[in-house]
There are 2 protein chains.
Amino acid sequence: MKNTELAIIGGGIAGVSSAVYAQRAGLECALFEANTIGGQLLWMETVDNYVGVDAGIRGLQLAESLKKNIQDLEIPFFPHAVKAVTPEEDSFVLTTDKGPVQTRGIVVATGARFRTLGVPGEEELTGKGVSYCAVCDGFFFRKKKVLVVGGGNTAVEEALYLAQFAGQVTLVHRRDRLRAMRSLQEKLFSQENVEILYSRTVEEIQGEGAVNGALLKHAETGENEVLPADGIFVAIGVTPVTELVRGLVDTDKGGFILTDQEMATSRTHIWSCGDCRKRPLRQLITAASEGAIAALSVYRSLRGGYISS
Amino acid sequence: MKNTELAIIGGGIAGVSSAVYAQRAGLECALFEANTIGGQLLWMETVDNYVGVDAGIRGLQLAESLKKNIQDLEIPFFPHAVKAVTPEEDSFVLTTDKGPVQTRGIVVATGARFRTLGVPGEEELTGKGVSYCAVCDGFFFRKKKVLVVGGGNTAVEEALYLAQFAGQVTLVHRRDRLRAMRSLQEKLFSQENVEILYSRTVEEIQGEGAVNGALLKHAETGENEVLPADGIFVAIGVTPVTELVRGLVDTDKGGFILTDQEMATSRTHIWSCGDCRKRPLRQLITAASEGAIAALSVYRSLRGGYISS
């Protein structure tokens, strides 16, 4: 059976940063990613807020840089899907699609998926006006007309965030009232450039090469209308990819892994970082930082070393 | 009086990342840095662990990227030294060398400085053989005899760096063992031109116009000895640059600013990030992440919004 000291599961920026720091700290590590290195970067048109990198870099190009980071440090990389994690006495056995791997420690960096609407036009126009993150992309919609889809806290937060610079924000919600907390709702109602359309579902996102509107359907009357828009922010939630460690580590009710500040989970020798972890700010730069912190925690725990800088 | 919503003090990577997120969040911000943008990057030969950027990038080049981040977003940048912070009822007044500035909130990202030994000869001979940065000055000691003072990671890393081209490296540590991580120690022990002197303190740095040696005292026997040397690298840690907010916010006994996970200090509307803050891992990537988190905390606090992603 293949054997390693630290298995890092997930090849997004959190996992790669963790692998870089683990390798440089002298840990014997192995990075597992069944798909291409890059995680959500693979779906990002451009990245504009990763400080130190020029704004406007393509997501794919930053993903290529992550690959180069791995290659330059000769980090052992395995394009295997990890199917199960089984705790043993002093280690864990990973069941992968290429056989079992024994490891002393695990960094879970499996990320999350944005919930999508699943309507025509959504996939094609992602990065071309369709976005899942106002903090990432809102800046491009100065004075523009944007739609936010959803009715929970995230949707209302994103609408408020966008209302600061967008010309007009329309919140589209499928129910006849919002789910968001009242204080947020009140704040939203007080915005002059925000309109709320209740009881509408988005049936289609329209545009050729760039979003120009959405087809809405009224839940009660069944009537259709086309709403012109330059951008559509889908804010109907995020699902963490944490089935692998379900029951092994504590999560919140949404399935996000709970950790302390050092990225340690409730189970000894399992750490977590990035979007699969419960965290206040879901950004590339925070994920990369958490990966580094996790790796040094592993180092301290497995090697008994100490490092402060 | 000049007026702004958010003053970010310090143009290292923490301050710049904070400015990028603040500007993109629609906050009216102003970045203050009396010197060149880049902070400690200006003293780093290369950077090898900032994931997403190719290993081996020169510190100055990464500093240039930070400048470009600021220019691209048209972040208001002021090359003014901030001399004092005075709290007013609902705001703060910054005293700068170009006049006062009123601001609602402050992000303190003033970084840290290398710690000095405080012994005779040190100050006079700084730049004449006494250095705090092997990467900056090591080149001048080709085939020469150098001392490195300290026992932590930085000291061992600096000794390893210098061993590449100096004739002889002597690590002087006041304790009977090193604090550095084991893999670094092992690497150090394997160097042929490195000697380690334990349980010695540096009492004086000697030389007229140029270092020619150090007076060492044995911690147990009390015996003195003079060790000839062409260069002395002091690697005993860093001191936060936090005089500006002394008495205004809580710090630890070392002067590092205490914050919560959202980078809020003990005083409402003052946040802190980067090396001036008490933090477990002092790295570029963690500083950049903290800058982003601080900016979104400011947004939530000053704009009453809330944003979770």
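None of the values given here were measured: they were computed from a predicted structure. Per chain, numbering begins at 1; letters A, B, ... match sequence-line order.
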Looking at B:G26, B:S183, B:G52, which makes the most heavy-atom pairs under 4.5 Å with chain A?
->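 Maximum pair count with chain A is reached by B:G52.
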
Tell me, for B:D275 versus chain A, whether the close heavy atoms (under 4.5 Å) come from the side chain, the backbone, both or neither.
->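 No part of it gets close to chain A.
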
Is chain A contacted by the side chain of B:E64, its backbone, both, or neither, given a heavy-atom distance below 4.5 Å?
->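 Contact with chain A is absent: no heavy atom of B:E64 under 4.5 Å.
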
Just by modelled atom types, is the B:A7 backbone N or O under 3.5 Å from a matching donor or acceptor in the B:T103 side chain?
->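 Yes; judged by distance alone, with no hydrogens or angles, the pair exists.
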
Region of A:N49 in contact with chain B, defined by heavy-atom distances below 4.5 Å =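 For A:N49, heavy atoms of backbone and side chain both lie under 4.5 Å from chain B.
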
Select one option (side chain, backbone, both, neither) describing which atoms of A:Q261 are under 4.5 Å from chain B's heavy atoms.
-> side chain

Ring centers of B:F32, B:F77 separated by less than 6.0 Å = no

Flag for B:S272-B:R277: side-chain donor and acceptor within less than 3.5 Å =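 No - no donor-acceptor pair under 3.5 Å links their side chains.
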
With respect to chain B, which residue among A:L41, A:V47, A:V53, A:I57 yields the maximal number of heavy-atom pairs within a distance under 4.5 Å?
->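 It is A:V53.
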
Taking every heavy-atom pair that is under 4.5 Å apart, which of A:D72, A:L73, A:L162, A:I293 has the most such pairs with chain B?
->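 Of the candidates given, the most pairs with chain B belong to A:I293.
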
List in chain and number order the residues that pass side-chain hydrogen bond (donor to acceptor under 3.5 Å, both in side chains) with B:E262, two or more places apart in sequence or in another chain; answer none if no residue qualifies.
->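 Once residues adjacent in sequence are excluded, the partners of B:E262 under the side-chain hydrogen bond (donor to acceptor under 3.5 Å, both in side chains) criterion are B:R300.
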
Residues which pass ring-ring contact (aromatic ring centres under 6.0 Å, His included) with A:F139, listed by chain and number, not counting sequence neighbours = none

Who are the ring-ring contact (aromatic ring centres under 6.0 Å, His included) partners of A:F165, not counting sequence neighbours?
->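 Counting only residues at least two positions away or on another chain, A:F165 forms a ring-ring contact (aromatic ring centres under 6.0 Å, His included) with A:Y161.
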
Taking side chain as C-beta onward, heavy atoms only, is A:F141 less than 4.5 Å from A:V169?
-> no

Is there side-chain contact between A:T36 and A:L42, with heavy atoms separated by less than 4.5 Å?
->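 Of all side-chain heavy-atom pairs linking A:L42 with A:T36, at least one is under 4.5 Å.
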
So which bits of residues 13-25 of chain B come within less than 4.5 Å of chain A, counting non-hydrogen atoms only?
-> B:I13, B:V16, B:S17, B:V20, B:Y21, B:Q23, B:R24, B:A25

Nearest-0.5 Å distance that lies between atom CD in A:Q185 and atom CG in A:L160 |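 Going from the CD atom of A:Q185 to the CG atom of A:L160 covers 10.5 Å.
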
